[in-house]
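Proteins come first, then strands; the chains are lettered A, B, ... in the order of their sequence lines, and each starts at number 1.
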There are 2 protein chains.
Amino acid sequence: MDHNGEPKRPLSGTRPPIQPRNFQEGRADQRSARPPRGSRTYSRRSLHGRVAHDLGSRILGGKLKPGQVLAPEDELSAALGVSRTALREAIKLLAAKGLMESRPRTGTRIRPREHWNFLDPDVLAWHFEAEPVERSVRDLFQLRRMIEPAAADMAAQQAGAAAVARLQQAFRDMDAAGDDGEKWEEPDLRFHQTIIQATGNELISSLGAIIETALTMSFRLSNDNPTGQRHSLPLHRAVLNGIQSRKPQKARQAMLVLLEQAEQDVRRALAVRRSGTQRPAAGGRN
Amino acid sequence: MDHNGEPKRPLSGTRPPIQPRNFQEGRADQRSARPPRGSRTYSRRSLHGRVAHDLGSRILGGKLKPGQVLAPEDELSAALGVSRTALREAIKLLAAKGLMESRPRTGTRIRPREHWNFLDPDVLAWHFEAEPVERSVRDLFQLRRMIEPAAADMAAQQAGAAAVARLQQAFRDMDAAGDDGEKWEEPDLRFHQTIIQATGNELISSLGAIIETALTMSFRLSNDNPTGQRHSLPLHRAVLNGIQSRKPQKARQAMLVLLEQAEQDVRRALAVRRSGTQRPAAGGRN
DNA sequence: GGTCCATTAAATCCTCATACTATATTGTCC
DNA sequence: GGACAATATAGTATGAGGATTTAATGGACC
C-alpha cells in the first residue's frame, strides 16, 4: 500500500509548530492578559501543557471531531514540532478528561462528545474560549440555578461562624470595590465559593470550578461594555442576610434572584458584543 | 551529601512493584469482577494506567496526604518497578484530575483536597473504593437530589419522542429483570441517563458519570443483602408517567421520592454490611 | 552591623532521541 | 470459515542534556 495518497488524517502533514522553540510569551503574556489563576491543571510553561492546550482547544472548537483518528504519534509529533514524549504526555492529559482514547494499532481517537467531562475546569474553559455562545451561557446558568440556591439553603442551616465571617468580608470587599471591575471580581468569586464550601459536601465543592469559569467569563464580557456590578450588591446582601440570620428559604430565594439577574447581565453583554463591534476579541480593552 | 538519613519521603525506598512484569490479571479479572465498563478514562492494561490507579487510590485513600511531596522521579519509578516514562504519564493523568502538581526543583506534590475534582468519574470511583462511608453516600445523594428532580422536570417539558421511547424501553427492561439484580442494573442506569441526557444540557449530561458511580456502588452493596429492587419499580413508573404525560411538577416530585427511597436502601445495606459481617469485600458473591 | 539585591549553585522536572516490546487489526492460507 | 502470520501502532525503557525554580552566597549600601 503506497501511502502516497496522503490518507487525509487530521493533523498530519505540515502544521505550524506549537511554538517553535524558545518562547517568550510566558512571562509577558501572563501579566498583561490577566492571570486566570484559576483551577487550571496544567502548566502553560511546559511544552506538553501547550500541546494539550492546543489540541484541547481544537477539539472543543470543533476542528477535531469525535470519532476522528489522530495521525500516528511519530507523524503528529513531527507535525507539531515536538518530541513523541511531549505529545504523549499531552495526550494522557486530554485522555484523563475524557476527550480522547488511545489503543495500540488503532491509534488515538477523539471520544464521542458525551464522554467529554464538561465539568472539568480546563474542558469548560476551552469550551468557552471557543464559542461563548448563548447556548453555553444557558447551560451554565441552568446548572447554577440547580446548585447555588440549594447550596445557599444548606449554608443557612449549617454554616459555621468562620464561614459567615468570610462571607461578610467578601461582601465588604465587593462594596469597597465600587465600580472598579478589576477589584470586584475576586471577592465576588470568593463570596460564591464560600457558600459552595459551606455545604460541607465535597462533590458540590468541586462544582466551584464551574462557578469560577462562569464568573471569569461574565467578567470578561462585561469588561467591554461596563454595565456596572454595583446593582448586584443589594442582591448579594440579601443572600448574606438570609444565611447569617439562618433563614434557608430566604437565602435560597435571594440566590435565585441573584442568578437570574446575573444571567440577564451576561446575555445583554453578549448581545451588545455580537451586534455592535466585531473587535478582535483578543485585542484589549480600549 | 550522604543521603543516608533517608529523608523519609513518601514512596521512597522499597515498595512492592506495581505488577512486576507480565501480568495475567487483565483478562481473568475483568471477566469475573463485572466490567465497570463505565466512564473510566484510563486503560487497566497499560502500565501507566495501573500506576495511576495505584497512586490515585492511595491519594483518595488518605495514604498520601495533601501537601506531601513525592519522591523524585528516578527514585519513585525505581521503587514502583517501572520506567520513568510510565510514571510520568501516570502523573500527568492524575495531575489532569487535580490531584497533583509537578514543578522543577520542587518536585511533585499532592494538591490540597479542595482542588481534587470529585466530579471526575475516576476520582469518585477511587473515593468510593477507599471508603464507602456514610458521609460519601450522603454527599452523593445530596447532589443527586439537586440535579435529578430538576432534570426530570426539564425532561417533562422538552424530551423528544425518541427519548421518551428510550425511557419506556428502559422501564420495560427493568420490569422484565424482576428480582435478578444483574439484569436490573443496566436498564436502571439507562433510565436515569436518558433523563439526564434529555435536558439537552451538556454540563448536566456530564453529571451522568456521577449517577453511574452511585448506581454501581449501590448495586454492589445491595448484592450482599438483596433487598430487591422490585419495590422501586412503581417509583420509576411514576417518573416515567410524569415525563411522558408532560407534567413537570409530577415528574420532579416522583424523582425526589425515588431518590429518597434509593438512599434509604443504600443506607440500610451499608448498616447491615457494617454490623453483620466483615466479609472480605473483594471476595465474591457467596 | 544589618538589610537588601544581584549572582551563583543545586535539585528536580522537562524534553529529546532511540530502541525495543506488546497488542490488536488485517490479510492470507488451508 | 477458521487458524495463523504479517504489520501498523501505541506502550515501555533508557540515557543524556536542557530549563526552571528554589536556596545559598556574597557584596553593596544604609
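The distance from atom CG of B:Asp74 to atom P of C:dT15 is 16 Å, rounded to the nearest whole Å. A straight line from CD of B:Glu101 to P of D:dT20 spans 17 Å, rounded to a whole angstrom. Rounded to whole angstrom, the span from the CD atom of B:Glu89 across to the P atom of C:dC13 amounts to 16 Å. Following rounding to the nearest Å, A:Leu47 (CG) and D:dG18 (C1') show an atom-to-atom distance of 12 Å. One can place CD of A:Glu73 at 14 Å from C1' of C:dT18, the figure rounded to the nearest angstrom. Between B:Ile91 atom CD1 and C:dC14 atom C1' the separation is 12 Å, expressed in whole Å. Here D:dT22 presents its P atom at 9 Å from CZ of B:Arg109, a figure rounded to the nearest Å. Between the P atom of C:dC14 and the CG atom of A:Leu87 lies a distance of 16 Å, rounded to the nearest Å.
Residue A:Arg105 places a side-chain atom within donor-acceptor reach of the base of C:dT25, judged by atom type and a 3.5 Å distance cut-off alone.
Of the side-chain N and O atoms in B:Ser83, none sit less than 4.0 angstrom from OP1 or OP2 of D:dT12. Listed pair B:Arg103 / D:dT20 fails the phosphate criterion, with no side-chain N or O lying under 4.0 Å from OP1 or OP2.
Relative to the side chain of B:Ser46, the nucleotides D:dT12, D:dT21, D:dA10 differ in distance, and D:dT12 lies closest. Residue A:Pro104 places its side chain closer to C:dT23 than to any other of C:dT12, D:dA13, C:dT23. For B:His48, the listed nucleotide lying nearest its side chain is D:dG11; candidates were D:dA13, D:dG11, D:dA10. Listed nucleotides C:dA19, D:dT21, C:dT15 differ in distance to A:Arg84; the shortest reach to its side chain belongs to C:dA19.
A salt bridge does not link B:Asp54 to B:Arg50: none of the charged side-chain nitrogens sits closer than 4.0 Å to a carboxylate oxygen. Taking the charged nitrogens against the carboxylate oxygens, A:Asp122 and A:Lys97 do have a contact shorter than 4.0 Å, which makes a salt bridge. Electrostatic pairing of A:Glu89 and B:Arg88 counts as a salt bridge here, judged by a charged N lying under 4.0 Å from a carboxylate O. Using a 4.0 Å cut-off between charged nitrogen and carboxylate oxygen, B:Arg190 and B:Asp173 count as a salt-bridge pair.
Relative to the ring axis of B:Tyr42, B:Arg40 places its NZ or CZ within 45° and under 6.0 Å from the centre.
Among the atoms of the strands shown, only primed sugar atoms or phosphate atoms (P, OP1, OP2) are found under 4.0 Å from some heavy atom of A:Ser102.
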